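Proteins come first, then strands; the chains are lettered A, B, ... in the order of their sequence lines, and each starts at number 1. The structure presented is a predicted model; accordingly, all values stated were derived computationally and were not measured.
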Amino acid sequence: MTLIEIQEILRDAVRDTARKEFGVELTQIAAETPPKTELGDIAFPVAFEMAKLIKQATGEKSNPREIAEKLKAALESIAQVGRVEVAGPGYLNVFFDRSAFLAANADAEPLPNSSKSADMSSPKVCVEHTSVNPNKSAHIGHVRNSVLGDTFQRILKATGKRVEVQNYIDNTGVQVADVVVGFIFIENKDLAEIKALDAELTAAGKTFDYYCWDLYTKVGVEYQTNEELKEKRAEVLHLIEEGGNPTAELADFVATRNVECILDTMERLSIQYDLLPRESEILHLHFWDRAFEQMKKLGVIHLETEGKQAGCWVMPFEEHSGNDENETDKILVRSNGTVTYTGKDIAYQMWKLGILGLDFNYRHFHKYANGHDVWITSAEANSNEHPAFGGGETIYNVIDSRQSYPQDIVRKGVAAISPERGEKASIHLSYEMVALSPAAAEELGFQLSDEDRKRPFIEMSGRKGLGVKADDLINRLETNALAEVEARHADSSDEVKRNIAHQLAVGALRYFLLKFTRNTVIVFDFKEALSFEGETGCFCQYSAVRANSIFRKLAERNESLEDCRAIIGDGAAVAELFATETGSDIWSMAVLAARLEETVEQASKQNEPAILAKYTFQLAKAFNLFYHNHKILVETDNVKRAVLILVADMARRSLTAALATLGIEVPEKM
RNA sequence: GCUCCCGUAGCUCAGCAGGAUAGAGCGUUCGCCUCCUAAGUGAAAGGCCAGUGGUUCGAAUCCACUCGGGAGCACCA
């Protein structure tokens with residue numbers, strides 16, 4: 001019986017007793033973890049609420065402690081419960097039958113639902129993340145998006161959801177046009193020359209996306225003084241959108257090469273995708289026209305005939321309070337007949353939900369080293385063997401909080417077209433940006449104005465070339481980690497050492513980005529991001545590595561977990577052990593390890609990966625303490641030794657599963 | 001002008017379907033490797049939870065207002 005199951009039984013018992021004994025109907029019953037193990041394993045502060053409800057119903061005042069006493073009797077009759085205490089003004093503190101719990105959970109799967117995620121009958125959800133404009137390399141702000149999205153999809157899978165991961169490619173936008181302008185009009189290169197340049201860069205160990213990063217900045221600077229060049233941008237943008245011309249072909253090469261580079265960067269962080277939907281296909285397959293038809297038919301959009309918006313198709317949007325300058329209605333089709341970004345996004349969101357009535361064509365894009373396939377949309381139907389994409393029950397869009405307003409419009413627009421699915425089918429997983437401290441910006445070599453220097457943080461900007469590039473940071477982390485590994489395991493092979501350094505770098509970066517809750521602005525600090533000590537991914541990995549080394553030693557001695565279970569027998573001696581002070585200490589490790597499933601559920605429900613990150617750290621810290629306090633292998637009391645081993649095993653399996661859900665691997669040694 | 005987010009230890013952050021003594025990490029000071037990995041660990045110091053008022057048996061947590069800081073409100077994407 002898992003912890004979640006026991007909790008449900010307890011809740012039911014509380015609810016039944018409240019109804020039978022007091023005539024009170026409880027809807028939600030809050031269960032909390034007491035601050036200390038001495039105060040029990042689960043606490044219900046429910047008697048206070050009941051006293052209030054009874055007073056409302058009958059007008060009679062009742063004593064919370066007396067209510068708690070009655071509930072106590074009901075809960076104590078449950079098999080999994082050892083005893084119940086009424087504490088303080090009326091807390092109901094439940095203590096499990098510890099030895100029975102250990103026997104039932106010692107070999108339990110820490111995340112029992114995760115296997116269901118591969119089952120085609122499980123509900124499907126889509127998670128869109130990354131979506132970096134394919135005109136330059138990714139920076140640390142993009143990585144926050146990707147790590148958040150990737151971790152969240154892992155959390156959803158751990159709860160048994162079937163997940164499709166999409167990375168939207170805006171390959172026809174102005175950002176791509178700007179780099180194309182740079183190649184054609186500043187560098188005077190044609191497609192063949194760009195391909196040659198790409199080959200040169202690759203041969204020199206450099207990357208195309210880094211080259212574009214600099215070129216993009218250069219174009220931005222040039223625009224400030226060169227009006228002629230700015231006019232070229234509009235021309236280029238138009239040619240790209242139209243397609244079927246040399247400029248569009250050049251742009252496609254540039255965008256695709258950048259996508260490949262960004263996918264490489266993300267793969268270094270264990271981030272993979274299922275599908276890359278592109279804006280070019282949304283245009284060429286006329287997704288918007290279909291959405292437009294539906295919206296007109298349903299009357300959720302109308303043609304404005306007078307006023308400032310005359311000639312535009314607009315969607316009423318009352319919730320947004322406009323002022324004199326900003327209208328309250330949102331324009332979806334401009335007076336010149338072109339569709340706005342928001343309009344396209346509504347059509348795309350409809351496709352994701354499977355209510356557009358159109359589909360993309362697909363072709364295979366790339367096979368990852370682990371065999372996973374990623375597909376890309378295509379205008380031509382040139383592959384008939386592809387998985388079914390889109391049509392998710394719920395859609396999670398990982399997009400930073402600055403886009404809350406447009407996301408809100410998309411959600412409301414889609415809900416207007418499909419009221420039965422409603423707004424709840426579209427979830428904006430918003431997060432605050434990663435910014436630079438003024439000091440960090442200067443460390444990167446940027447000149448700041450006096451005004452900027454006084455600001456709490458400086459926003460990163462791809463246009464200005466201001467940002468910490470993802471690969472640079474990963475490289476620095478790997479270099480630092482390698483030096484540490486070198487110092488500890490000089491005799492290992494280079495390949496082993498590099499692999500460990502890589503795993504540590506990934507752990508450090510992912511944990512660093514996940515420990516902050518979504519609505520906290522991360523003011524990037526090199527020292528903190530590069531740290532391997534304290535509250536870091538490395539700390540958690542180290543804890544797991546130490547745990548594994550215990551079991552490596554055990555295996556060398558030909559001892560197994562089955563032996564431990566045999567030693568425990570009927571559990572009478574275990575119950576005696578858990579009743580002592582040291583036993584209580586051991587118990588608290590076991591019960592914390594058993595809370596992983598509950599924590600993952602909570603992180604999923606609240607759309608907050610940081611909850612899992614914090615738990616993982618807490619678990620690692622608890623294990624370090626456990627490891628420090630109990631010398632497991634040399635323990636002479638047989639029963640205690642067996643219990644220590646079983647609990648250590650629970651902890652390391654929970655820790656490993658928690659880390660895996662965060663996208664962090666456990667190195668073989670550190 | 002309107003909307004949203006943030007304000008908790010010297011610094012960076014958790015805690016916020018109201019509940020037990022407000023927690024971590026970094027930094028500071030003093031300790032711990034004959035023993036399963038010291039990337040570890042013990043202890044100390046450090047708090048009017050921005051302010052005011054309200055709701056409540058009970059508020060860091062909910063409500064209102066005020067003050068600071070940030071983001072957003074396009075026929076841009």
| said: Nearest to the A:Pro456 side chain among B:A74, B:G70, B:G42, which nucleotide is it? | reply: B:G70
| Under 3.5 Å, is there a donor-acceptor pair linking the side chains of A:Lys669 and A:Ser492? | yes
| message | Could you check whether the side chain of A:Lys36 and the base of B:U21 have a donor-acceptor pair of N or O atoms closer than 3.5 Å, going by distance alone? | response | yes
| remark: Per atom distances to the A:Glu533 side chain, the nearest of B:G40, B:C36, B:G70 is B:G40
| task | Specify whether A:Trp313 and A:Phe292 have parallel, tilted or perpendicular ring planes, treating 30° as the upper limit for parallel and 60° as the lower limit for perpendicular. | result | perpendicular
| message | Syn or anti for B:C33, given that syn means the glycosidic angle lies within 90° of 0? | response | syn
| field | Residue closer to the 5' end of RNA chain B, A:Glu528 versus A:Asn629 (nearest nucleotide) | value | A:Glu528
| B:A20 base to A:Asn93 side chain: any donor-acceptor pair below 3.5 Å? | yes
| What's the closest nucleotide to the A:Phe539 side chain, out of B:C75, B:G40, B:U37? | B:G40
| request: Using both distances under 3.5 Å as the test, list the Watson-Crick or G-U wobble partner of B:U21, or none. | output: none
| task | From the options B:G25, B:G69, B:A17, select the nucleotide whose nearest atom is closest to the side chain of A:Glu535. | result | B:G25
| task | Could you tell me how the ring of A:Phe526 sits relative to the ring of A:Phe524: parallel (under 30°), tilted (30 to 60°) or perpendicular (over 60°)? | result | perpendicular
| task | Using a 90° cut-off around 0 for syn, call B:A17 syn or anti. | result | syn
| query | Any donor-acceptor pair under 3.5 Å between the side chain of A:Ser335 and the base of B:C75? | reply | yes
| 5' priority, RNA chain B, between A:Cys538 and A:Thr33 [closest heavy atom] | A:Thr33
| task | Report the relative orientation of the aromatic rings in A:Phe512 and A:Phe516; use parallel for angles under 30°, tilted for 30 to 60°, perpendicular for over 60°. | result | perpendicular
| request: Compare the minimum distances between each of B:A14, B:A20, B:C5 and the side chain of A:Glu432, then state the nucleotide with the smallest one. | output: B:C5
